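First comes the structure, then the notes that go with it.
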Amino acid sequence: MTADDLLARHRAVLPSWMPLYYAEPIELVSGEGRRVTDAQGRTYLDFFGGVLTNMIGYDIAEIREAVQRQLATGIVHTSTLYLIRQQVELAEKIARLSGIPDARVFFTNSGTEANEAALLMATNHRRSHQVLAVRNSYHGRSYATMGITGNRGWSASQLNPLQVAWLHSGERLRGLLARLPEADRIDAAVEDLREVLATQTSGDVACLLAEPIQGVGGFVHGPDGLFAAWKKVLDEHGILLISDEVQTGWGRTGEHFWGYQAHGITPDLLTFAKGIGNGFALAGVVGRAEVMEAVPAISFSTFGGNPISTAAGNAVLDYLLDHDLQANAARTGAILVEGLRAAVGDLDCVAEVRGKGLMLGVEFVRPGTTEPDAALATRVFEGCRAGGLLVGKGGLHGNVLRMGPPLTLTDQEAREGLAILVEAIRSGAAESVTR
Ligand SMILES: Cc1ncc(COP(=O)(O)O)c(C=O)c1O
């Protein structure tokens, strides 16, 4: 079987709106640590981890053995109609780590379902289907989560069970507030929130659902403290705050365990997914008991928190905490961000090298402007692959390179990946000049 055969078969049987990376797509057939090997035997250092999901890395013995122990019992699935020991254990750990007092946890299979469940709780608790969301957000692919996704390219239906009003994100580079000095952006975002509440809602809004750092949106975020400033206004109206931690959770930002902690507040609910299963389908909501309990009928997920995924989740979380991977993310992330800023930060096609911990973005623009240069981002992206490094792409305009390596990244791997990135950016930029 050649890669081309598989690509043709893929195209013949899978929908075209489910994109594949690279001009010549890759089939990854094995992995170890932070490296993966494709079907042609080529090995890559992985700085994207299956979209920030292989959080610990590939073939980690502790996780593999935990799953194998569960498989050996003969039970892969029981349904949540029966007690699941590792589900209860994982819920206890997540409730404790969430920072939310007297928390409850509900497990799902995906971030979409986690956000959908959080919306179910918030809208029932508040008896309202009015929701605030943030421009340039991504929250999933169900009707409600597409309805609060502020990115045209990722919102595939106009059908929406919610009534949504949109806030400015307060990001530094784009949007109306970007023109303001740093110190004024929080005040302007709060003014925007007050105006939106007064002009676009009929009061009694259920919640604001927001990402501390916008993932699909290109790793942009408002100033630290923005959620606290927003929350002050939300509290005046009893509006709940939901933090979508699908990308920012588990210490990835280095400075904190959750993205919301950069803002000095605690949300009512937070949603998690991706990294906690290290590839096994595991996600959920954790939040204040009073809000979590506001579901007026049976609500049940056949696979959510099943014995296999929660066995993996416990092993992932134990590994993460035992090895203090948050500190590792801070240290290795600093190598990358400082190295990138020093090597390419001055190029006039690089608008920004940004990020926290191991959640890093490089935004490409036409020299001397903020006009997005998606073609250059694609050249750099392909250049990284040619150099042996997998990275991601994103941003509202497709002009941002995204890096979210496993949190187990070593210093040496960070330097190795940095060298490939710098080379790919420099040669991509040089090609722009000669075009
Ligand atoms: C911030 C955020 N929320 C929700 C989701 C949806 O998660 P899933 O693809 O697991 O449904 C994603 C996926 O990329 C995400 O980045």
Side-chain angles (χ1 to χ4, degrees), residues 15 17-19 21 48-55 106-120 122 131-151 153-157 162 164 167 169 171 207-222 227 241-250 252-253 258-260 262 267 269-287 301 303-306 309 312-313 316 355-361 391-396 398 400 402-404:
W17 42 259
M18 198 180 78
Y21 264 172
F48 206 39
V51 197
L52 287 72
T53 298
N54 296 310
M55 179 168 73
F106 175 67
F107 290 107
T108 64
N109 308 289
S110 68
T112 297
E113 289 169 84
N115 283 330
E116 191 80 21
L119 290 165
L120 173 75
V131 168
L132 301 170
V134 182
R135 295 166 192 221
N136 193 37
S137 58
Y138 179 71
H139 295 294
R141 56 170 302 283
S142 61
Y143 288 117
T145 56
M146 277 189 291
I148 55 163
T149 285
N151 181 332
W154 287 74
S155 205
S157 175
L162 304 168
V164 184
L167 304 183
S169 71
E171 70 152 293
C207 62
L208 163 61
L209 204 157
E211 297 157 274
I213 298 176
Q214 295 185 322
V216 168
F219 293 178
V220 287
H221 56 88
F227 278 27
L241 176 63
I242 305 172
S243 188
D244 180 336
E245 300 276 355
V246 167
Q247 298 212 11
T248 45
W250 317 112
R252 176 167 292 281
T253 65
W258 303 109
Y260 78 73
L269 302 173
L270 78 80
T271 56
F272 58 85
K274 293 200 188 287
I276 184 63
N278 204 51
F280 289 91
L282 181 62
V285 194
V286 50
S301 167
F303 296 119
N306 71 63
S309 65
V316 166
K356 293 182 175 185
L358 286 176
M359 199 170 173
L360 299 167
V391 296
K393 230 168 21 129
L396 188 60
V400 181
R402 293 194 296 155
M403 277 72 70

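As the structure lists them, so they are numbered: ligands from 1, and atoms in each ligand from 1. Just so you know, these numbers come straight off a predicted model, no measurement behind them. FYI, the numbering just counts along the sequence from 1.
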Would one find an N or O of E211, backbone or side chain, under 3.5 Å from an N or O of ligand 1?
no
Of the backbone atoms (N, CA, C, O) and the side-chain heavy atoms from C-beta on, which set of A273 has a member under 4.0 Å from an atom of ligand 1: side chain, backbone, both, or neither?
neither
Considering only heavy atoms of S110, which atoms of ligand 1 have at least one such atom less than 4.0 Å away?
10 (O), 11 (O)
Nearest heavy-atom neighbours spanning I148 and H139:
O-CD2, 3.2 Å
May I ask you to check whether Q247 has an N/O atom sitting below 3.5 Å from an N/O atom of ligand 1?
yes
Could you tell me whether N115 approaches ligand 1 through its side chain, its backbone, both or neither, with non-hydrogen atoms closer than 4.0 Å?
side chain
Please report the interatomic distance CG(L360) to CZ(R402), rounded to the nearest 0.5 Å.
12.0 Å
Is the distance between the ring centroids of W250 and F272 less than 6.0 Å?
yes
Does the residue G111 have a heavy-atom contact with ligand 1, meaning some pair of atoms that are separated by less than 4.0 Å?
yes
Is the OH atom of Y21 crowded by more than 12 outside heavy atoms at less than 6.0 Å?
yes
Determine yes or no for a side-chain-to-main-chain donor-acceptor pair under 3.5 angstrom, with E211 supplying the side chain and Y138 the backbone.
yes
Going by the atom numbers of ligand 1, which of them fall below 4.0 Å from some non-hydrogen atom of K274?
13 (C), 14 (O), 16 (O)
If you look at every heavy atom in I242 and C207, which pair is closest and at what distance?
CD1-SG, 3.7 Å
Just by distance, do the side chain of T108 and the backbone of S110 share a donor-acceptor pair under 3.5 Å?
yes
Ligand 1 contacted by D244 (non-hydrogen, < 4.0 Å):
yes
Tell me, which protein residue and heavy-atom name are nearest atom 15 (C) of ligand 1, and how many Å apart are they?
V246 CG1, 3.6 Å
Whether E113 lies under 4.0 Å from ligand 1, heavy atom
no
Donor-acceptor pair, side chain of S137 and main chain of G150, under 3.5 angstrom
yes
Considering the heavy atoms of T112, write down every atom of ligand 1 situated less than 4.0 Å from one of them.
6 (C), 7 (O), 8 (P), 11 (O)
Taking only heavy atoms of H139, which atoms of ligand 1 are found under 4.0 Å from at least one of them?
3 (N), 4 (C)
